[in-house]
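Below is one structure, written out as structure tokens; comments come after it.
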Amino acid sequence: MAKEKILVVEQDLVSLSRMYLALIHRQFKTEACNQPDEIGARIKRFKPAVIILNSKEYNTINTKLKIPAVVLYQRAGDIAVLNYGDTELKKPVQIDELIKAVEKIV
């Protein structure tokens, strides 16, 4: 039985592939997206329980985001304010950290 749905948004295809494969391996129903402008449509269609995205996209849509998020940031200060329950992780993200963050949310 599959676990929760996870949407991973990342422009770097190597990072996107690593996260996607790790989540699939742990039985999460996962969808990958490398086009940040598709986030809204993907959320409506896929209805994820958690979204994983970088701080730039998060800061653009966090007031509209109604689902928990794992926010990936490059440098300290990249994230202004997190919504309640959201988690931040520094890039390059360790897969074990990512999985723990997702499991904590779901």
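Just so we're clear, the structure is a prediction, and the values are computed from it rather than from any experiment. Heavy atoms only: backbone and side chains are in, while hydrogens, waters and symmetry mates are out.
- The closest side-chain heavy-atom distance from Gln11 to Pro36 is below 4.5 Å.
- Between Ala32 and Arg42, the closest heavy-atom pair is O-NH1, 2.9 Å.
- Linking Ile, Leu, Val, Met, Phe, Trp and Tyr whenever their side-chain heavy atoms come within less than 4.5 Å leaves Val50 and Leu21 in two separate clusters.
- The shortest side-chain heavy-atom distance between Ser55 and Val71 falls under the 4.5 Å cut-off.
- Atom CD in Gln94 sits 10.0 Å away from atom CG in Leu89 (nearest 0.5 Å).
- Checked against Ile52 for a side-chain contact (heavy atoms from CB on, under 4.5 Å), the options Val9, Leu7, Val102, Leu16 give a single hit: Val102.
- Asp86 contributes a side-chain N or O that, together with a main-chain N or O of Ala69, makes up a donor-acceptor pair within less than 3.5 Å.
- Linking Ile, Leu, Val, Met, Phe, Trp and Tyr residues whenever their side-chain heavy atoms come within less than 4.5 Å places Leu82 and Ile43 in a single cluster.
- Side-chain contact between Ile61 and Leu53 is present, with at least one heavy-atom pair separated by less than 4.5 Å.
- Put simply, NZ on Lys104 and OG1 on Thr87 are 5.5 Å apart, with the number rounded to the nearest 0.5 Å.
- Nearest heavy atom pair, residue Tyr20 against residue Thr30, reads CE1-O, 3.4 Å.
- A continuous path of hydrophobic side-chain contacts links Leu13 to Val93 [ILVMFWY only; heavy atoms under 4.5 Å].
- Cluster membership for Phe46 and Ile24, using ILVMFWY side-chain heavy atoms within less than 4.5 angstrom, is not shared.
- Proximity of Ile95 to Arg26: side-chain heavy atoms (C-beta onward) are separated by under 4.5 Å at one or more points.
- Ionic pairing of Glu103 and Lys3 is present here: one or more N-O contacts between side-chain nitrogen and carboxylate oxygen are shorter than 4.0 angstrom.
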What's the verdict on side chain to side chain contact (heavy atoms under 4.5 Å, CB included) for Lys29 and Ile6, showing C-alpha distance, side-chain angles and the deciding distance? CA-CA 6 Å; Lys29 185 170 183 176; Ile6 311 295; over 6 Å; no

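- Using a cut-off of 4.0 Å between Lys/Arg side-chain N and Asp/Glu carboxylate O, Lys91 and Glu10 are scored as salt-bridged.
- For Lys5 and Phe28, the positive end is not near the middle of the six-membered ring at less than 6.0 Å and at most 45° from its axis.
- The pair Glu31-Arg45 counts as a salt bridge, with a side-chain nitrogen and a carboxylate oxygen less than 4.0 angstrom apart.
- Summarising the geometry of Ala22 relative to Ile99, their closest heavy-atom pair is O-CD1, 4.2 Å, with the distance given to 0.1 Å.
- Heavy atoms from other residues, nucleotides or ligands lying under 6.0 Å from NZ of Lys100 number 12 at most.
- Side-chain atoms of Pro48 and Ile67, non-hydrogen and from C-beta on, do get closer than 4.5 Å to each other.
- Side-chain contact between Leu72 and Tyr58 is absent, with no heavy-atom pair separated by less than 4.5 Å.
- Of all heavy-atom pairs between Pro68 and Ile105, the closest is CB-CG2, 3.2 Å.
- Without hydrogens or angle criteria, Asn54 side chain to Glu57 main chain gives a donor-acceptor distance under 3.5 Å.
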